[in-house]
Amino acid sequence: MRNIRLEICYDGTRYKGWQRLSGVENTIQGKLEQVLTRILGEEIEISGSGRTDAGAHAVGQVANFHCESELSCDEILLQLRRYLPEDIGIHSCQEAQPRFHARLNCRTKTYRYRVWNSEKPCVFQRRYVYVMPAKLDVLKMQEAAALFVGKHDFSAFCANKKMKKSTVRCIEQAKVIQNGDEIVFEFTGDGFLYNMVRIMVGTLLEVGLNKRSADGIPVLFGKQREEAGYLVPAQGLCLMEVTY
């Protein structure tokens, strides 16, 4: 049994997220499995490094699957690029070690969230940014973001109220960068809870709008979801990199 590793990018605008769902055809995982099953002539189940939200994007998603097919990785890559829709791309297709698992072996993930902070229209990037015309205090958001770094209980930043597993995660990096009219939020950590990045960004935006204080971030650790900021839209979110 072969173990194949894929590096994937996608525009998630028209998809219901990564995870295959019963009765829902339009997911990234579902589309990949459908095409791989067709190419390889056997039922394929693919595992991703994580589940991106409906409408969110990826530049560096990693996934793996097992198969009996003798098709070379180059041929699988060629066929995937031929049959996948234009908004799902495959960077690479390689043989992996037998025990490699895209999710279980993941060490860190890096997510980026883009905010268009201007009253000027953002026509060509509108699918990939969250438009917020109101003036934001970037310095305060940078101060607040730094307080996310470390090992904390992020229960207040999880939208899954039925979460039974640990909500403790370790954030290695939290940046807020201004590039002209665009503000980029970037987080690297050992894992992220459901909607965690989007709630962290919403909380930081409230700091930037002077609706909450920067030094109030640590108070939120271990608290209820209602204590943290609002959930920003998915289109500004992109999975940038996964490390092993």
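Along the sequence shown, residues are numbered consecutively beginning with 1. In what follows, every heavy atom counts, from backbone to side chain, and hydrogens, waters and symmetry copies are set aside.
- Between the side chain of Arg198 and the backbone N or O of Val232, at least one donor-acceptor pair lies under 3.5 Å.
- Pairing each heavy atom of Cys73 with each of Cys93, the nearest pair is CB-O, 3.3 Å.
- Here Glu33 does not pair with Arg38 in a salt bridge; the nearest charged N to carboxylate O distance is not below 4.0 Å.
- Taking the side chain as every heavy atom from C-beta outward, Glu7 and Ser92 approach each other to under 4.5 Å.
- Cluster membership check: Val129 does not share its hydrophobic cluster with Val176, using side-chain heavy-atom separations under 4.5 Å among Ile, Leu, Val, Met, Phe, Trp and Tyr.
- Minimum heavy-atom separation, Ile76 to Leu71: CD1-O, 3.8 Å.
- Between atom CD1 of residue Ile199 and atom CZ of residue Phe154 there is a gap of 11.5 Å, rounded to the nearest 0.5 Å.
- Gln79 and Glu75 form a side-chain donor-acceptor contact under 3.5 Å, judged by distance and modelled atom types alone.
- Counting heavy atoms from C-beta on, the side chains of Phe100 and Tyr244 come closer than 4.5 Å.
- When side chains are defined from C-beta on, Trp18 does not count as touching Leu239, because their heavy atoms never get closer than 4.5 Å.
- For Asp53 and Asn195, the side-chain atoms include at least one donor-acceptor pair closer than 3.5 Å.
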Passes salt bridge (charged side-chain N to carboxylate O under 4.0 Å, His left out), Glu227 versus Arg225? Steps please. CA-CA 5 Å; Glu227 300 289 329; Arg225 166 69 190 95; over 6 Å; no
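- Contact annotation: the side chain of Ile183 approaches that of Met141 to within less than 4.5 Å [non-hydrogen atoms, C-beta and beyond].
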- Item | Stepwise side-chain hydrogen bond (donor to acceptor under 3.5 Å, both in side chains) check, Thr52 with Gln61 | CA-CA 9 Å; Thr52 50; Gln61 174 70 286; 4.8 Å; no
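- Using a 4.5 Å cut-off on side-chain heavy atoms (C-beta onward), Cys67 and Ile4 make contact.
- No side-chain donor-acceptor contact under 3.5 Å links Gln29 to the backbone of Gln19.
- The pair Arg169-Asp190 does not count as a salt bridge, with every side-chain nitrogen at least 4.0 angstrom from each carboxylate oxygen.
- Around the CZ atom of Arg51, the shell of radius 6.0 Å holds no more than 12 heavy atoms that belong to other residues, nucleotides or ligands.
- Using a distance-only test at 3.5 Å, with no hydrogens or angles considered, no donor-acceptor pair links the side chain of Ser155 to the main chain of Thr167.
- Using a 4.0 Å cut-off between charged nitrogen and carboxylate oxygen, Asp87 and Arg14 count as a salt-bridge pair.
- Judged by distance alone, the side chains of Arg114 and Gln125 do bring a donor and an acceptor atom under 3.5 Å apart.
- Using modelled atom types and a 3.5 Å distance limit, the side chains of Asn64 and Asn3 yield a donor-acceptor pair.
- You'll find the ring centres of Tyr128 and His57 inside the 6.0 Å limit.
- What you find for Glu42 and Glu68 is that their closest heavy atoms are OE1-N, 2.9 Å.
- The only member of Thr27, Thr37, Ile8 that meets side chain to side chain contact (heavy atoms under 4.5 Å, CB included) when paired with Leu32 is Ile8.
- Atom NE2 of His66 sits about 8.0 Å away from atom NE2 of His101, to the nearest 0.5 Å.
- At least one side-chain heavy atom of Phe185 sits less than 4.5 Å from a side-chain heavy atom of Leu204.
- Between the side chain of Arg81 and the main chain of Gly89, no donor-acceptor pair closer than 3.5 Å is present.
- Put simply, the side chain of Asn179 reaches to within 4.5 Å of the side chain of Val184, judged on heavy atoms.
- Salt-bridge annotation for Glu241 and Lys109: absent, with no side-chain N of the basic residue lying under 4.0 Å from a carboxylate O of the acidic one.
- Leu237 is connected to Val242 through a chain of hydrophobic side-chain contacts under 4.5 Å among Ile, Leu, Val, Met, Phe, Trp and Tyr, so both are in one cluster.
- The shortest heavy-atom contact between Val138 and Gln178 is CG2-OE1, 3.4 Å.
- Taken to the nearest 0.5 Å, the CG atom of Asp153 stands 7.0 Å off from the OG atom of Ser166.
- Following chains of ILVMFWY side-chain contacts shorter than 4.5 Å, one can reach Leu40 starting from Leu84, so the two form part of one hydrophobic cluster.
- Tyr15 and Tyr10 have their aromatic ring centers separated by at least 6.0 angstrom.
- Surrounding CD of Gln173 are more than 12 heavy atoms belonging to other residues, nucleotides or ligands, all under 6.0 Å away.
- Cluster membership check: Val197 shares its hydrophobic cluster with Tyr230, using side-chain heavy-atom separations under 4.5 Å among Ile, Leu, Val, Met, Phe, Trp and Tyr.
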Practice item. Apply side chain to side chain contact (heavy atoms under 4.5 Å, CB included) to the pair Thr203 and Phe157, showing each step before the final yes or no. Key: CA-CA 9 Å; Thr203 305; Phe157 301 89; 3.6 Å; yes
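- Contact annotation: the side chain of Val168 never approaches that of His152 to less than 4.5 Å [non-hydrogen atoms, C-beta and beyond].
- Taken together through direct or relayed side-chain contacts under 4.5 Å among Ile, Leu, Val, Met, Phe, Trp and Tyr, Val131 and Leu231 form parts of separate hydrophobic clusters.
- If you take CD on Glu182 and OH on Tyr130, they are separated by 14.5 Å, rounding to the nearest 0.5 Å.
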Could you give me the CA-CA distance, side-chain angles and deciding distance for Leu6 and Val62, then say whether side chain to side chain contact (heavy atoms under 4.5 Å, CB included) is met? CA-CA 6 Å; Leu6 300 175; Val62 177; over 6 Å; no
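- Here the straight-line distance linking atom NZ of Lys31 with atom CD1 of Ile46 works out to 14.0 Å at 0.5 Å rounding.
- Contact detail for Pro218 and Leu147: the closest heavy-atom pair is CD-CD1, 3.8 Å.
- At a cut-off of 3.5 Å, with distance as the only test, a side-chain donor of Asp11 or Thr13 sits close to an acceptor on the other residue.
- For the residue pair Thr188 / Thr110, a side-chain donor-acceptor distance below 3.5 Å is found, with atom types taken as modelled.
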task = List the steps and the verdict of side chain to side chain contact (heavy atoms under 4.5 Å, CB included) for Asp137 and Val207.
result = CA-CA 8 Å; Asp137 190 323; Val207 171; over 6 Å; no
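- Taking the six-membered ring wherever Trp is involved, the centroid distance between the rings of Tyr113 and Phe187 does not fall below 6.0 Å.
- Note that NZ of Lys135 is 11.5 Å distant from CG of Leu209, once rounded to the nearest 0.5 Å.
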Run the side chain to side chain contact (heavy atoms under 4.5 Å, CB included) check on Lys140 and Arg212 step by step: do they pass?
CA-CA 10 Å; Lys140 285 186 178 179; Arg212 70 170 68 227; over 6 Å; no
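- Annotation for Val59 and Cys9: closest pair O-CB, 3.7 Å, computed over non-hydrogen atoms.
- Shown here is Arg127, whose CZ atom has no more than 12 heavy atoms of other residues, nucleotides or ligands within 6.0 Å.
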